[in-house]
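Just below is one structure, and these are the notes that go with it.
Naming convention: chains lettered A, B, ... in sequence-line order (proteins, then strands); numbering from 1 in each chain. Below, all heavy atoms of this structure are taken into account, side chains as well, without hydrogens, waters or symmetry copies. The shown structure was predicted, so the numbers you read here are calculated from the model rather than taken from an experiment.
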Amino acid sequence: MLLFLSSRLRMVDDSLYILKKMKDQNLNVSTQSYNSVLYHFRETDKMWDVYKEIKDKNEHTYSTVVDGLCRQQKLEDAVLFLRTSEWKDIGPSVVSFNSIMSGYCKLGFVDMAKSFFCTVLKCGLVPSVYSHNILINGLCLVGSIAEALELASDMNKHGVEPDSVTYNILAKGFHLLGMISGAWEVIRDMLDKGLSPDVITYTILLCGQCQLGNIDMGLVLLKDMLSRGFELNSIIPCSVMLSGLCKTGRIDEALSLFNQMKADGLSPDLVAYSIVIHGLCKLGKFDMALWLYDEMCDKRILPNSRTHGALLLGLCQKGMLLEARSLLDSLISSGETLDIVLYNIVIDGYAKSGCIEEALELFKVVIETGITPSVATFNSLIYGYCKTQNIAEARKILDVIKLYGLAPSVVSYTTLMDAYANCGNTKSIDELRREMKAEGIPPTNVTYSVIFKGLCRGWKHENCNHVLRERIFEKCKQGLRDMESEGIPPDQITYNTIIQYLCRVKHLSGAFVFLEIMKSRNLDASSATYNILIDSLCVYGYIRKADSFIYSLQEQNVSLSKFAYTTLIKAHCVKGDPEMAVKLFHQLLHRGFNVSIRDYSAVINRLCRRHLVNESKFFFCLMLSQGISPDLDICEVMIKSDELLSWTIKWGLLPD
DNA sequence: CAGGTCTCAA
């Protein structure tokens, strides 16, 4: 009993001591007991010490050693042991081959696993359901779903049938490829075979839906699962749902699910708490997060590094850097070595606030403590230097990263490129792009967006002519084709940036072409997209077109932001169609936008400049009727206009 | 052999 417990608790020295005592007392240690000890030590280098002690080794002894070697990633040793060991008379078992196949799959060498599968057959052994599942899982992990399906359907040739684990593995495989419909087909096959989906099946499907952004579909799935009576072990699927809700900003629904779990007697564990605390922190609800944190601690659930990371993130996002730092310092003084991620969060907090000195100071602490920085650490420093307009220093960090034995990542390069993009330095962006290619770092859609942004900002108006515009339009189309051929799907921001670029070079028809491409790829144009287009129509004087564009968008029930309206209103004030300005301003109010004094003063300013007396008066009165008092700026504008001076005095608005 | 939480770029 002592031996069993001490080995299970990985108390290495104690186990060996007990074994020695037992031998001293001439007590017989059964092979079964030895095997049990061996099993618990198979992932440590003490494995051989136990192994040597065992007199009557059996099949389990050998397969445990093989499994141990595989788990220690000593696959060659495992194979060697299988071939040359003294157990020739017993012969290797399928279990040992399973361990080896699993080991190779985990390293991504599926072909090696396959050849061992063949070896099993050649040895006259029968591959078990485990053997098949291991290989099917390996194939799925490298994306060979077709081969995985084939192997699953061939299982009956070896006298075995797929079990629910097989189906779960296949469903996960489809999910990894983003082929959620394939996952559903697997489930249908599973049902046809008379097997029921279990909690893991549901969790895999739920994960897939959440990752595709189908949060509502996920909620339906979760409800369905809970209605089938899986309550007792539903904490993990609920956590997946919580994570999905938090990541899409639906924190209120996350909280209500969280409370529902508690009400149903499903006590949230550390992970569930951490997910919700992180979600709250990310969305700036730090007080609520702290409240849950205290509740968690009251339940004797000890926070881990992730929980602390969430709190640090929350403090940094609120700009409470002093508080974040003192929390970090208190974690440091607790004595345990902190995860670099925790330092990264605070370093990034400093960088985001433009406090590069503090970021560097904390970086120094990391180095002096002997903790290895990660690429993210350096990327935040790059951001910090860029934010403080020191691109030269930021660029030097690329070499510093290499000095620390790390490689700059796509984020390192993209951050730098963005800094260059903001000042229109396309030459330096091209340089970095070449450097990335040389280093073999593939770009992402963010990188591409930054490159387009650089082109946009670097545009010089004096070069403007029709031929060049067409060339730029072609360049944008080519850029999009490049992305698609590289398997990098452009997102909303990529399209918005391209549209902005085309607007900047006054190729509005081209910009609208990209709006259509965007829609055809099932990407919803955002209000930012429409803002760019409406603003450009106004800037280039196509105000009627802007009117009809807004009108058509309203017809389609597209939600527009306040900016779209105020832009067009201002344009109408300038170009002298105050009636339209009035009409649109009413729409602004009716649609419930928060209309501020700045919006009134923008309109009144422009109307006064054009001597549109009655309209100025109208907006002034409208403002008063909405309970907004004029400020000094508005009064000055009104007074400066001769026609309005006496009217303004009448309202008693002359300042002292 | 199958399921959940962290930091960095537009």
Ignoring the backbone of [X], work out which of [options] is nearest its side chain.
X	options	value
Tyr130(A)	dC1(B), dA9(B), dT7(B)	dC1(B)
Lys352(A)	dC1(B), dT5(B), dC8(B)	dC8(B)
Thr414(A)	dT7(B), dT5(B), dA9(B)	dA9(B)
Val410(A)	dA9(B), dG3(B), dC1(B)	dA9(B)
Ile493(A)	dA10(B), dC6(B), dG3(B)	dA10(B)
Ser305(A)	dC6(B), dT7(B), dC1(B)	dC6(B)
Asp491(A)	dA2(B), dG3(B), dA10(B)	dA10(B)

Less than 3.5 Å between a donor and an acceptor, one on the side chain of Asn133(A) and one on the base of dC1(B), is that the case here?
->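 Between dC1(B) and Asn133(A), which were checked side chain against base, a qualifying N/O pair under 3.5 Å is present.
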
Can you check whether any acceptor in the base of dA9(B) is under 3.5 Å from a donor in the side chain of Thr444(A), or vice versa?
->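 Indeed there is one.
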
Test the Arg504(A)-Tyr501(A) pair against the cation-pi criterion, namely NZ or CZ under 6.0 angstrom from the six-membered ring centroid and within 45° of the ring axis.
->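 The answer is no; the distance or angle limit is not met.
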
Flag, side chain of Asp524(A) to backbone of Ser526(A), donor-acceptor distance under 3.5 Å |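 Here the side-chain-to-backbone pair does not exist.
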
Excluding sequence neighbours, so at least two apart, what forms side chain to side chain donor-acceptor pair (under 3.5 Å) with Arg250(A)?
->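 Per chain and number, Arg250(A) pairs via side chain to side chain donor-acceptor pair (under 3.5 Å) with Asp216(A), Glu253(A).
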
Partners meeting side chain to side chain donor-acceptor pair (under 3.5 Å) with Ser449(A) (sequence neighbours left out) |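 Only Thr494(A) meet the side chain to side chain donor-acceptor pair (under 3.5 Å) criterion with Ser449(A).
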
Would you please confirm or rule out a distance under 4.0 Å between OP1 or OP2 of [N] and any side-chain N or O of [X]?
X	N	result
His175(A)	dA2(B)	no
Lys282(A)	dT7(B)	yes
Lys453(A)	dA9(B)	no
Ser102(A)	dC1(B)	yes

So what does Ala272(A) touch, heavy atoms closer than 4.0 Å: a base, only the sugar-phosphate, or nothing?
->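 If one applies the 4.0 Å heavy-atom cut-off, Ala272(A) turns out to touch a base.
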
How about Ile367(A) and Tyr404(A): do any of their side-chain heavy atoms sit closer than 4.5 Å?
->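 When only atoms from C-beta onward are counted, Tyr404(A) and Ile367(A) do touch, with a gap below 4.5 Å.
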
